[in-house]
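Treat the numbers as computed from the prediction; the structure is a model and nothing was measured. A, B, ... follow the sequence lines: proteins, then strands. Residue 1 opens every chain.
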There are 2 protein chains.
Amino acid sequence: MEKATIKDVADLAGVSPSSVSRSLRGVGGVSAATTERIRAAAESLGYTVSPAAYRLATGRTGTVAVVMPYLTRWFFAELLGGAEAVVREAGLDLLLYHLGDTEIRQRYFSSGILRKRVDGVLLATLALSDPEIHALRSLDVPVCMAGTEVDGFSSVCIDDVSSARRAVQHLVNLGHERIAIIAGDPREPMHFTVPPRRRDGYLAALKAAGLPAGPDLEAQGAFTVEGGEEATVDLLARDVLPTAIFAECDEMAFGALRVLGRVGLRVPEDMSVVGFDNHPMASYFGLTTVAQDVAEQGRMIAWHLVRSAQGNGAKPVRLRAPTHLIVRATTGAPTRRTARAILAGRQPAVAGAKSDSARRSSRPARANGHDPLTRPPMARPAGNKRLATTKEKKG
Amino acid sequence: MEKATIKDVADLAGVSPSSVSRSLRGVGGVSAATTERIRAAAESLGYTVSPAAYRLATGRTGTVAVVMPYLTRWFFAELLGGAEAVVREAGLDLLLYHLGDTEIRQRYFSSGILRKRVDGVLLATLALSDPEIHALRSLDVPVCMAGTEVDGFSSVCIDDVSSARRAVQHLVNLGHERIAIIAGDPREPMHFTVPPRRRDGYLAALKAAGLPAGPDLEAQGAFTVEGGEEATVDLLARDVLPTAIFAECDEMAFGALRVLGRVGLRVPEDMSVVGFDNHPMASYFGLTTVAQDVAEQGRMIAWHLVRSAQGNGAKPVRLRAPTHLIVRATTGAPTRRTARAILAGRQPAVAGAKSDSARRSSRPARANGHDPLTRPPMARPAGNKRLATTKEKKG
DNA sequence: GACTTCAACGCAAGCGGTTGCGTTGAGTGC
DNA sequence: GCACTCAACGCAACCGCTTGCGTTGAAGTC
């Protein structure tokens with residue numbers, strides 16, 4: 001009942017293994033009566049085909065690989081979730097690969113770990129180098145990408161450029177004239193392709209509106225809350241301040257909100273903020289943002305991958321997922337008072353705004369101590385009082 | 001160079017396939033000179049052993065399954081990340097299974113999908129039914145659990161009871177006498193085992209301190225931000241209000257903070273809040289919480305799983321991961337003014353606090369519309385002005 | 001120098017399926 | 001009644017690797 005082989009089933013049903021195989025596979029050539037006998041025998045034995053034997057005999061693995069640069073970040077977790085559902089539904093196995101640091105990435109692509117192992121590969125937003133692309137091609141299985149487009153591979157993307165442009169256009173429409181961007185750091189180890197595209201959209205909107213752009217309206221940071229904080233702190237130290245900030249992703253926007261709250265700038269009265277992604281916490285903060293359905297993108301591309309992995313000679317496609325702007329409470333018309341003037345009346349609290357991310361990533365010490373009263377420098381909440389009243393004034 | 005077999009390597013090296021196999025596997029019986037010739041031949045051919053053939057011949061799959069009830073929630077993503085690193089490092093494959101709804105779960109456990117497919121299984125915090133446990137046992141491979149303990153299976157857990165107790169004790173030490181809990185909904189579809197344990201710790205702390213407990217100090221919600229909001233709203237509608245809230249997880253605490261901010265209760269002056277988990281956003285909110293290193297737990301249990309999957313007759317172990325309390329800015333001594341009195345002086349803004357999660361989970365419509373000006377009822381930020389000054393007063 | 005010993009290596013039998021092809025036998029047309 | 005057809009099924013050869021066992025030949029022993 002446990003590890004029955006096809007021969008056991010054949011014996012019990014009084015036929016040959018070939019007939020069992022044909023019957024179970026449904027390729028025909030087996031009479032209805034025999035099929036039923038075989039089905040019953042297999043059922044009673046709790047028979048399962050051995051994947052290993054199946055793979056060896058057929059040459060197909062019934063497996064797809066999903067390769068992710070991050071597992072815990074919202075976008076990737078969401079994408080993975082969507083893809084998993086489709087892959088499982090198709091009866092395929094999902095092999096998960098996490099590309100941690102560059103070293104692992106190196107090892108991964110050089111030694112063909114996936115060779116003979118999968119029928120298809122799904123990569124998430126990695127900018128691939130030429131050797132990497134070559135390595136993937138030589139796998140000789142369909143490759144699909146999410147968030148990036150590569151010649152010869154299928155992909156699903158949102159239109160980052162026009163989406164970002166739309167978000168910034170929203171700020172323009174509200175009357176903003178000095179719109180800053182806090183952008184992803186191009187030195188990002190995983191070489192995201194997204195940040196530059198969103199910046200292009202930002203620039204396009206400014207250009208179309210005839211508004212100023214340039215280095216003094218740009219700041220960079222990691223694609224995280226802390227990165228957003230650092231970029232915003234940087235921005236607030238400039239000579240002339242913007243009246244609105246476009247964050248390339250919601251996490252960065254959260255960081256911006258926190259810094260703004262800490263220095264006493266009201267949102268949106270003193271500064272508008274718009275994010276990108278519609279992260280689950282975005283509605284929590286009332287963040288105006290560009291929404292995309294990442295799980296759906298995972299489903300779309302996984303569906304395509306499954307199709308091509310199963311041999312239907314599907315040509316590479318480029319899928320586009322829709323986005324839409326969600327206007328919430330962090331954007332509004334600019335006031336005449338400049339942020340600089342507002343800040344002038346307060347103490348410059350910006351200095352202490354260094355991230356405590358380093359501390360948090362260390363392992364928990366003092367496992368059983370009592371109330372160590374750990375109070376990190378950043379232990380101050382975000383948001384501010386004015387924000388809470390925004391809705392009433394507007395509504 | 002692409003799909004070389006062991007025979008190709010053997011021919012090139014002028015030996016038999018057996019020697020190639022032995023050499024590559026390092027089992028001895030091959031001279032140094034021959035080994036080197038074989039290595040060179042394999043190298044030049046880009047040879048990789050066929051996993052399918054290897055599995056069929058050896059009977060071991062070189063694969064472990066990781067089964068998750070959620071992929072996108074912080075805890076599970078973190079756990080998966082930790083486990084993945086160890087599994088990959090051990091040279092095993094990681095098959096990912098997501099147990100979506102109950103139906104999928106049913107199908108999953110009944111038909112032995114994993115039979116003959118994996119050398120080990122890692123399950124994350126699911127309360128298993130007896131048939132499910134039986135099904136897992138009949139797989140006849142090591143099974144490891146994270147977050148739950150089951151007889152005969154290895155597991156890694158934090159001590160939820162004592163950790164929760166410590167968190168509540170912290171509130172007691174600050175002088176709180178009416179401490180409420182916002183707890184996970186026991187009707188949770190995935191049957192988490194965690195909420196009741198944390199509640200037990202809460203009750204133990206109250207009991208030890210001789211403080212009141214009971215239904216009027218308890219409210220329930222989902223293990224999410226929205227669940228925390230709903231539970232808090234519920235709590236605030238009681239006759240007598242607490243001076244502190246223990247949230248069973250940080251997400252619920254975030255929800256509590258938002259509701260408190262909206263109704264104008266200052267944290268921690270009017271209400272202390274303590275969470276559990278040290279979610280990445282916890283430091284953002286300055287949330288006092290119990291920290292646990294989930295990725296490390298993933299690594300611990302995965303390491304054990306790998307060991308037992310590789311045949312070392314390791315006995316089931318019960319691993320305990322440490323936790324520690326992190327005191328930040330959301331807890332403080334209670335003031336004499338009761339929350340009730342404070343609320344009496346304000347308009348009851350609690351009514352509109354229904355979650356907008358339903359809307360968010362729907363697919364993005366209006367893909368190309370311009371500025372739909374969607375302003376959900378909840379579009380107000382959390383936190384409040386007073387919070388920001390806590391540090392100065394305390395420090 | 002004959003005999004033992006043992007490292008080094010090849011042979012061949014699996015592992016559990018799939019599948020091309022050959023065989024069988026009942027049903028058909030004449 | 002006989003050749004023919006074709007559905008139904010079995011045979012056996014793979015798929016690519018591992019591994020027990022037998023063989024070989026050089027080194028060591030007395």
Rounded distance (Å) that lies between atom [atom2] of [N] and atom [atom1] of [X]:
| X | N | atom1 | atom2 | answer |
| --- | --- | --- | --- | --- |
| Lys7(B) | dT18(D) | NZ | C1' | 17 Å |
| Leu45(A) | dG16(C) | CG | C1' | 15 Å |
| Arg115(A) | dC17(D) | CZ | C1' | 17 Å |
| Arg60(B) | dC17(D) | CZ | C1' | 14 Å |
| Arg117(A) | dG16(D) | CZ | P | 16 Å |
| Arg25(B) | dG20(D) | CZ | P | 13 Å |
| Arg55(B) | dC17(D) | CZ | P | 13 Å |
| Leu24(B) | dT18(D) | CG | C1' | 12 Å |

For this session: Could you walk me through whether Arg117(A) and Thr61(A) pass the side chain to side chain contact (heavy atoms under 4.5 Å, CB included) test, one step at a time?
Result: CA-CA 6 Å; Arg117(A) 201 169 292 260; Thr61(A) 63; 5.7 Å; no
Answer yes or no: does a side-chain N or O of [X] lie under 4.0 Å from OP1 or OP2 of [N]?
| X | N | value |
| --- | --- | --- |
| Arg22(A) | dT18(C) | no |
| Ser50(A) | dG16(C) | no |
| Lys116(A) | dC15(D) | no |
| Thr34(A) | dC9(D) | yes |
| Ser19(B) | dA8(C) | no |
| Tyr54(A) | dT19(C) | no |

For this session: Kindly confirm or rule out a cation-pi arrangement of Arg115(A) over Tyr47(B), judged by NZ or CZ under 6.0 Å from the six-membered ring centre and within 45° of its axis?
Result: no
Problem set entry | Ion pair Lys116(A)/Asp140(A), N-O distance below 4.0 Å | no
For this session: Identify whether any heavy atom of Val15(A) sits under 4.0 Å from a base atom; if not, whether one sits that close to sugar-phosphate; answer base, sugar-phosphate or nothing.
Result: sugar-phosphate
For this session: Indicate, yes or no, whether a donor-acceptor pair under 3.5 Å links the base of dC11(C) to the side chain of Ser18(B).
Result: yes
Seminar exercise, completed: Nearest-nucleotide check on DNA chain C, Gly29(B) vs Ala53(B); residue mapping nearer the 5' end is Gly29(B)
For this session: Side chain of Leu56(A) only, please: which of dG16(D), dC9(D), dT19(C) is the nearest?
Result: dG16(D)
Problem set entry | Residue Ser31(B), side-chain heavy atoms: nucleotide from dT19(D), dT19(C), dA8(C) that is nearest | dA8(C)
For this session: Hey, could you give me the CZ/OG1 distance between Arg39(B) and Thr34(B), rounded to the nearest 0.5 Å?
Result: 13.5 Å
Exercise. Which distance, rounded to the nearest 0.5 Å, do you find between the CG of Leu96(A) and the CG of Leu122(A)?
Worked result: 10.5 Å
